[in-house]
Amino acid sequence: MKRIEISDAIYVVNVGGYIGSSTKKEIEYAISLNKEVYFLEPLSY
C-alpha cells in the first residue's frame, strides 16, 4: 500500500479482464486516495 501512496497513478495489468480480490482492494485504496487508475484491458462487469 505504501507504493500506492507514493505513486501518482497505478496501472492494472488485467489480462483477459481478470482482477483478483487483492488487486481489487488495491484499486479501491488508490481510488480512495484520488489516484489515477489505468487498465490494460477494459473492465468487464
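- Judged by distance alone, with hydrogens and angles left aside, the side-chain atoms of E41 form no donor-acceptor pair with the main-chain N or O of V15 at under 3.5 Å.
- One hydrophobic cluster, built from ILVMFWY side chains closer than 4.5 Å, cannot hold both Y18 and V37; they sit in different ones.
- Counting heavy atoms from C-beta outward, Y29 and E5 have side chains that approach closer than 4.5 Å.
- Tracing side-chain contacts under 4.5 Å through hydrophobic residues (I, L, V, M, F, W, Y), one reaches I31 starting from F39; they form part of the same cluster.
- Taken to the nearest 0.5 Å, the OG atom of S32 stands 14.0 Å off from the NZ atom of K25.
- Taken together through direct or relayed side-chain contacts under 4.5 Å among Ile, Leu, Val, Met, Phe, Trp and Tyr, Y38 and L33 form parts of separate hydrophobic clusters.
- The shortest distance between side-chain heavy atoms of T23 and N14 does not fall below 4.5 Å.
- Nearest approach of K35 to I4, heavy atoms of both residues: CE-O, 3.4 Å.
- V12 places none of its side-chain heavy atoms less than 4.5 Å from the side chain of L40.
- Within the 4.5 Å cutoff, the side chain of D8 has no heavy atoms near those of the E36 side chain.
- Annotation: the span from E26 atom CD to I10 atom CD1 amounts to 7.0 Å, rounded to 0.5 Å.
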